[in-house]
There are 2 protein chains.
Amino acid sequence: MKRNTWQREAVREALDGTEGFISAQALHSALHASGSPIGLATVYRALGDLASTGEADSLQSPDGEALYRACSTTGHHHHLICRNCGLTVEISAEPVEEWAKGVAAEHGFTQAAHVVDVFGLCAACTKLQAGA
Amino acid sequence: MKRNTWQREAVREALDGTEGFISAQALHSALHASGSPIGLATVYRALGDLASTGEADSLQSPDGEALYRACSTTGHHHHLICRNCGLTVEISAEPVEEWAKGVAAEHGFTQAAHVVDVFGLCAACTKLQAGA
DNA sequence: CTGGTTTTGACAATCATTATCAATTAGCTA
DNA sequence: TAGCTAATTGATAATGATTGTCAAAACCAG
Ligand SMILES: [Zn+2]
Ligand SMILES: [Zn+2]
Ligand SMILES: [Zn+2]
Ligand SMILES: [Zn+2]
């Protein structure tokens with residue numbers, strides 16, 4: 001059975017307290033910085049569990065590391081992410097869901113999943129950049 | 001200046017002769033298997049160059065490795081990929097393009113880019129799996 | 001409490017990718 | 001064609017993220 005440990009709870013809370021997506025390494029550092037003696041392997045395991053139970057969302061950063069986030073939306077959704085400050089907006093995309101399902105079926109593909117993320121500069125970062 | 005070496009040409013040709021997306025490691029193995037003494041670092045460099053000049057498309061596999069493919073479509077497009085055999089179909093996604101642009105604008109995001117890939121089991125692999 | 005099972009964490013192992021850097025080579029020039 | 005020189009190569013080391021190992025510690029049902 002699945003047990004409740006303070007480590008798992010710590011990871012869950014740390015993730016909840018983080019605005020954007022964060023890597024396992026970074027979350028581990030943050031926990032250490034706040035005095036937690038949690039081990040790195042445990043953070044990896046906890047994040048993996050959270051992701052597999054749907055309590056956390058994960059995506060691959062453009063440079064290939066896995067990033068995690070505790071999303072407020074429970075169902076399937078996607079993200080609009082500021083590539084500068086990490087600000088993340090959860091978005092639903094019905095038309096995209098339909099499209100993905102349709103295009104897979106059209107080509108005889110089954111068990112289709114999709115990766116859909118939009119990266120950009122948020123309003124604040126756009127302003128900053130304009131000023132620079 | 002940029003020089004033409006048989007190594008770069010070998011990588012280009014090997015990529016052209018590959019149906020789906022392939023990793024740098026796998027392409028290097030394939031080249032070796034066919035008798036080429038090309039070095040691994042060179043394959044990485046060549047693929048990186050091809051990707052940056054747009055001659056090849058690249059994406060992050062779900063488990064975080066970079067995959068490359070010589071696409072026939074020159075313009076912007078997306079992919080429907082068999083997660084078992086790698087079979088890849090190039091697809092256009094006008095509705096998704098519109099949606100991505102719109103959702104970014106709605107939230108005040110600028111310089112929006114997007115990652116859109118569909119993974120599934122192709123018809124052949126679906127049949128195989130059913131038989132197993 | 002206690003025992004059996006799960007989880008942890010320090011550390012090693014793996015894997016992809018990048019950095020080094022001496023030796024090689026493409027492509028220009030005379 | 002021979003020589004020059006900067007770009008390129010490749011063996012290898014280094015890096016960095018992630019996973020495997022396994023004895024010790026922690027949960028929790030009874
Ligand atoms: Zn921002
Ligand atoms: Zn979706
Ligand atoms: Zn297939
Ligand atoms: Zn697109």
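Here the straight-line distance linking atom SG of B:C82 with atom CZ of B:F21 works out to 13.0 Å at 0.5 Å rounding. Atom CG of residue B:L67 and atom NE2 of residue B:H79 lie 11.0 Å apart, to the nearest 0.5 angstrom. The structure places OG of B:S36 at 5.0 Å from CD1 of B:I38, a figure rounded to the nearest 0.5 Å.
For the segment residues 25-43 of chain A, the set of residues with a heavy atom within less than 4.0 Å of an atom of DNA chain C comprises A:I38, A:G39, A:A41, A:T42, in numerical order.
Out of C:dT20, C:dG27, C:dT17, the shortest distance to the side chain of B:A66 is found at C:dT17. Here the side chain of B:A24 is nearest to one of C:dT7, C:dT17, C:dT8, namely C:dT17. Distances from the side chain of A:E65 to the nucleotides C:dG27, C:dG9, D:dA17 place D:dA17 closest.
Per the geometry, CG belonging to A:N4 stands 10 Å off P belonging to D:dA29, to the nearest Å. Rounded to whole Å, atom C1' of D:dA17 lies 13 Å from atom CD of B:Q60. B:W6 places its CH2 atom 14 Å from the C1' atom of C:dA26, with the value rounded to the nearest Å. A:L47 has its CG atom 12 Å from the P atom of C:dT8, to the nearest Å. For the pair A:E9 CD and C:dT8 P, the interatomic distance rounds to 12 Å; values are reported in whole Å. Following rounding to the nearest Å, B:D63 (CG) and D:dG16 (C1') show an atom-to-atom distance of 16 Å. Residue B:L50 contributes atom CG, which lies 15 Å from atom C1' of D:dT8 at whole-angstrom precision.
Comparing B:M1 and A:R3 along DNA chain D, the residue whose closest nucleotide (by nearest heavy atom) sits nearer the 5' end is B:M1.
One finds no side-chain N or O of A:Q7 lying less than 4.0 angstrom from the OP1 or OP2 phosphate oxygen of C:dT7. Residue B:T5 places no side-chain N or O under 4.0 Å from the OP1 or OP2 atom of C:dT25. An OP1 or OP2 oxygen of D:dT18 is reached within less than 4.0 angstrom by a side-chain nitrogen or oxygen of A:Y44. A close approach under 4.0 Å does not occur between any side-chain nitrogen or oxygen of A:S23 and OP1 or OP2 of D:dA17.
Using a 4.0 Å heavy-atom cutoff across all strands shown, B:R8 reaches sugar-phosphate atoms only and no base atom.
A donor and an acceptor atom, one from each side chain of B:T42 and B:Q7, are nowhere located under 3.5 Å apart.
For A:R45 and C:dG9, a side-chain-to-base donor-acceptor distance below 3.5 Å is present, hydrogens and geometry of angles not being considered.
The side-chain heavy atoms of A:E106 and B:L80, taken from C-beta on, include no pair separated by under 4.5 Å. Residues A:R12 and A:L50 are in side-chain contact: their nearest non-hydrogen atoms beyond the backbone lie under 4.5 Å apart.
A salt bridge between A:K101 and A:E98 is absent, with no side-chain N of the basic residue lying under 4.0 Å from a carboxylate O of the acidic one.
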